[in-house]
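Here is the structure we will look at.
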Amino acid sequence: MSFTPQYNLLDELKWRGLFHQDTPGAEELLNTQQVTGYIGFDPTADSLHVGNLVPIMLLMHLQRSGHKPVALVGGATGMVGDPSGKKAERVLLDKNTLDKNLRGIENQLRRFLDFDGDCAASLVNNYDWFQNFTFLDFIRDVGKHITVNYMMAKDSVKNRIESGISFTEFSYQLVQGYDFCHLYKNHDCRLQMGGSDQWGNIVTGTELIRRIEGGEAHAVTAPLLTKSDGSKFGKSEGGNVWLDLNRTSAYKFYQFWLNAADDEAGKLIRIFTFLDQNTIENLETEHAVAPHLRLLQKRLAEEVTTMVHSQEALNTAIAASEILFGKSTSEDLRSLGESDFLDVFEGVDQSEMEGVTGMNIVDLLADSGFLASKSEAKRELKGNSISVNKEKVDELFQIEESALINGKYILLQKGKKNYFIVKVKS
RNA sequence: GGGGAGAUACCAGAGCGGUCAAAUGGGACGGACUGUAAAUCCGUUGCUUCGGCUACGUAGGUUCGAAUCCUACUCUCCCCA
């Protein structure tokens with residue numbers, strides 16, 4: 001049986017900056033056979049965040065190049081805790097939280113992969129094969145094949161020898177390693193991918209496959225994403241940027257990408273979109289000529305928002321951005337119908353209040369919950385940073401009936417980027 | 001077990017009887033400039049009914065007055081065994 005991939009996966013990952021290292025022979029395998037490869041996702045929250053998008057892209061590329069992706073959710077490994085990259089022991093999640101997290105993550109993963117056809121993806125949960133695996137069986141059948149010396153040599157363990165590591169987290173690599181072994185045996189899975197911090201865990205898996213099954217399996221890792229200023233990727237002022245619309249609105253999601261720094265945008269657009277090399281290089285050329293137009297960031301934000309959410313979500317996000325950051329005025333705001341207004345500000349924090357007319361701006365800012373205290377409200381007002389319905393106001397400003405948009409909304413703003421909506425109860 | 005040093009705002013770190021809501025730097029937020037950038041410059045960074053009120057590890061004490069002095073406790077770090 002002959003197999004030709006749609007494209008050379010590793011070459012593709014390399015020019016996109018998604019390649020860190022692989023095991024010898026991985027490339028040949030991928031170019032001559034259809035390979036089933038997997039990546040595991042930790043159920044640490046009930047939603048994935050933009051950082052998880054990197055492994056998702058890896059799976060999507062795997063599938064697009066003609067191979068079969070398996071997304072694994074860590075119902076079992078999530079109970080243990082991966083020490084990789086962690087400075088201290090983690091708190092264990094309870095079963096209920098774990099279940100909720102697993103369901104949330106599974107639903108999100110489905111969106112990115114095609115579960116039909118020749119390259120049909122599958123979704124597995126390692127709890128399924130671990131739940132009836134007894135401790136004694138595990139240490140006899142799996143633990144016997146790996147020495148403690150071997151396990152201690154891993155960076156994830158070595159880095160914790162000084163500060164301490166529980167037996168639980170120490171065992172983690174064996175549990176994950178066995179996943180690979182199980183998938184090898186039952187799904188003919190011969191590749192595991194992941195971030196470069198997963199290298200140690202993955203190699204424990206290939207080692208187990210060699211010793212238990214006498215087989216050969218491979219690893220491909222992607223570099224860990226860091227921002228050029230050294231801060232963690234995927235955080236914005238408001239914390240993590242999630243894929244769940246209830247946690248991070250389409251508007252905020254779009255803004256996250258739009259705000260990418262110039263020297264990051266080229267890197268990010270390679271990693272997080274499927275645009276080809278030519279298109280990206282042209283965009284970069286255009287961007288270099290007119291950086292203020294930020295074509296690169298706009299295209300990046302459009303592509304990713306559409307991929308993760310939808311075209312409609314993108315449209316809303318763009319509309320909201322135009323209103324919030326364009327040269328829109330108080331009049332533009334008032335010309336919006338109520339449903340448009342709500343759509344535009346869908347992702348903006350809001351609160352409900354009554355008896356707002358006649359209220360002083362200081363009280364409104366503090367009582368609505370937009371600012372923490374009246375002192376802060378006064379401070380910001382003195383600093384000329386507060387706008388009501390897009391017009392700067394001072395400390396003496398009173399809320400009039402005419403300030404209500406559509407008879408019930410007031411748009412508060414601190415600086416350029418912080419918005420808040422007060423919904424007036426009548 | 002013995003000896004020593006320390007605990008100050010988001011972080012680092014001064015202050016060592018009143019003039020301390022607490023220097024300075026970083027961070028954060030805001031303003032100017034700009035491209036919803038970077039760099040730069042400027043401002044702000046405990047609460048308040050604007051009378052005050054709470055705050056310098058915790059609890060007491062000395063004093064007209066304490067972040068500063070005393071006592072106990074808790075925790076952290078260092079050295080020796």
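The sequence lines fix the lettering, A, B, ..., with proteins before strands; numbering per chain opens at 1.
The nucleotide B/rC16 finds no pairing partner, because no Watson-Crick or G-U wobble arrangement with both distances shorter than 3.5 Å includes it. As the counterpart of B/rG43, B/rC29 is assigned, both hydrogen-bonding distances of the Watson-Crick or G-U wobble pattern falling under 3.5 Å. In a base pair of the Watson-Crick type (N1 to N3 plus N6-O4 or O6-N4) or a G-U wobble (N1-O2 and O6-N3), with each distance short of 3.5 Å, B/rA55 is matched with no nucleotide. Pairing partner, B/rC75: B/rG6, with both Watson-Crick or wobble hydrogen-bond distances short of 3.5 Å. Shown here, B/rA37 forms no base pair; nothing in the strands shown gives a Watson-Crick or G-U wobble contact with both key distances under 3.5 Å.
In this structure, NZ of A/Lys414 is placed 14 Å from C1' of B/rG43, rounded to the nearest angstrom. For the pair A/Leu365 CG and B/rC29 P, the interatomic distance rounds to 18 Å; values are reported in whole Å. Here B/rU48 presents its C1' atom at 16 Å from CG of A/Leu371, a figure rounded to the nearest Å. Here B/rU36 presents its C1' atom at 5 Å from NZ of A/Lys417, a figure rounded to the nearest Å. In this entry the distance linking CH2 of A/Trp257 with C1' of B/rG35 reads 20 Å, nearest Å. Between the CG atom of A/Leu300 and the P atom of B/rA37 there is a distance of 17 Å, rounded to whole Å. If you measure from atom OH of A/Tyr254 to atom P of B/rU36, you get 12 Å, rounded to the nearest angstrom. Between the CG atom of A/Asn418 and the P atom of B/rC29 there is a distance of 8 Å, rounded to whole Å.
For B/rU36, its base sits under 3.5 Å from the side chain of A/Gln255 at one donor and acceptor pair at least.
Between A/Ser375 and B/rU48 there is a side-chain N or O to OP1 or OP2 distance below 4.0 Å.
Listed nucleotides: B/rC47, B/rG30, B/rG35. Nearest to the side chain of A/Ser385: B/rG30. The side chain of A/Arg379 approaches B/rC47 more closely than any other nucleotide in the set B/rC47, B/rG35, B/rU34. Checking B/rU34, B/rG46, B/rC29 against the side-chain heavy atoms of A/Glu380 singles out B/rC29 as nearest.
No salt bridge links A/Lys408 with A/Glu352; every basic N to acidic carboxylate O contact stays at or beyond 4.0 Å.
Judged by distance alone, with hydrogens and angles left aside, the side-chain atoms of A/His67 form a donor-acceptor pair with the main-chain N or O of A/Val35 at under 3.5 Å. Judged by distance alone, with hydrogens and angles left aside, the side-chain atoms of A/Thr248 form no donor-acceptor pair with the main-chain N or O of A/Asp244 at under 3.5 Å.
B/rU68 sits 13 Å from B/rA55 when the P atoms are compared, rounded to a whole Å. Comparing the same atom, P, in B/rA9 and in B/rA5 gives a spacing of 22 Å after rounding to whole Å. Spacing of P atoms, B/rG25 relative to B/rU45, comes out at 15 Å, to the nearest Å. With P as the reference atom, B/rA23 and B/rG15 are 13 Å apart, rounded to whole Å. Atom C1' of B/rU8 sits at a distance of 25 Å from the matching atom of B/rG43, rounded to the whole Å. The separation of B/rG46 from B/rC10, taken at their C1' atoms, amounts to 13 Å, rounded to a whole angstrom. To the nearest whole angstrom, the two C1' atoms, one in B/rG52 and one in B/rG61, are 27 Å apart. To the nearest whole angstrom, the two P atoms, one in B/rG26 and one in B/rU44, are 15 Å apart.
Residue contacts for A/Arg294: at a heavy-atom cut-off of 4.0 Å it reaches a base atom on one of the strands shown. Note on A/Glu376: nothing from the nucleic acid sits closer than 4.0 angstrom, heavy atoms only. Heavy atoms of A/Leu258 sit under 4.0 angstrom from at least one base atom. Among the protein residues, A/Lys382 comes within range of no part of the nucleic acid, since none of its heavy atoms lies under 4.0 Å from any strand. Residue A/Ser373 is classed as a sugar-phosphate contact, given heavy-atom separations below 4.0 Å to backbone atoms only. Here A/Asn384 lies in heavy-atom contact (under 4.0 Å) with sugar-phosphate atoms only. Within the 4.0 angstrom heavy-atom criterion, base atoms lie near A/Lys378.
Around atom CD of A/Glu286, more than 12 heavy atoms belonging to other residues, nucleotides or ligands sit under 6.0 Å away.
For B/rG57, the base is anti relative to its sugar; the glycosidic angle deviates from 0 by more than 90°.
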### Step-by-step salt bridge (Lys or Arg N to Asp or Glu O under 4.0 Å) determination, A/Asp99 to A/Arg103
CA-CA 6 Å; A/Asp99 282 345; A/Arg103 280 195 302 277; 5.2 Å; no
### Task
Take A/Phe253 and A/Trp242 through the ring-ring contact (aromatic ring centres under 6.0 Å, His included) test and state the conclusion after the steps.
CA-CA 8 Å; A/Phe253 188 84; A/Trp242 302 95; over 10 Å; no
### Message
Set out, in order, the CA-CA distance, both residues' side-chain angles and the distance that settles ring-ring contact (aromatic ring centres under 6.0 Å, His included) for A/Phe133 and A/Tyr178, then state yes or no.
### Response
CA-CA 11 Å; A/Phe133 204 161; A/Tyr178 180 75; 5.1 Å; yes
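Between A/Phe274 and A/His61, the ring center distance clears the sub-6.0 Å criterion.
Positionally, the nearest nucleotide of RNA chain B for A/Glu322 lies more toward the 5' end than for the other of A/Glu322 and A/Lys374.
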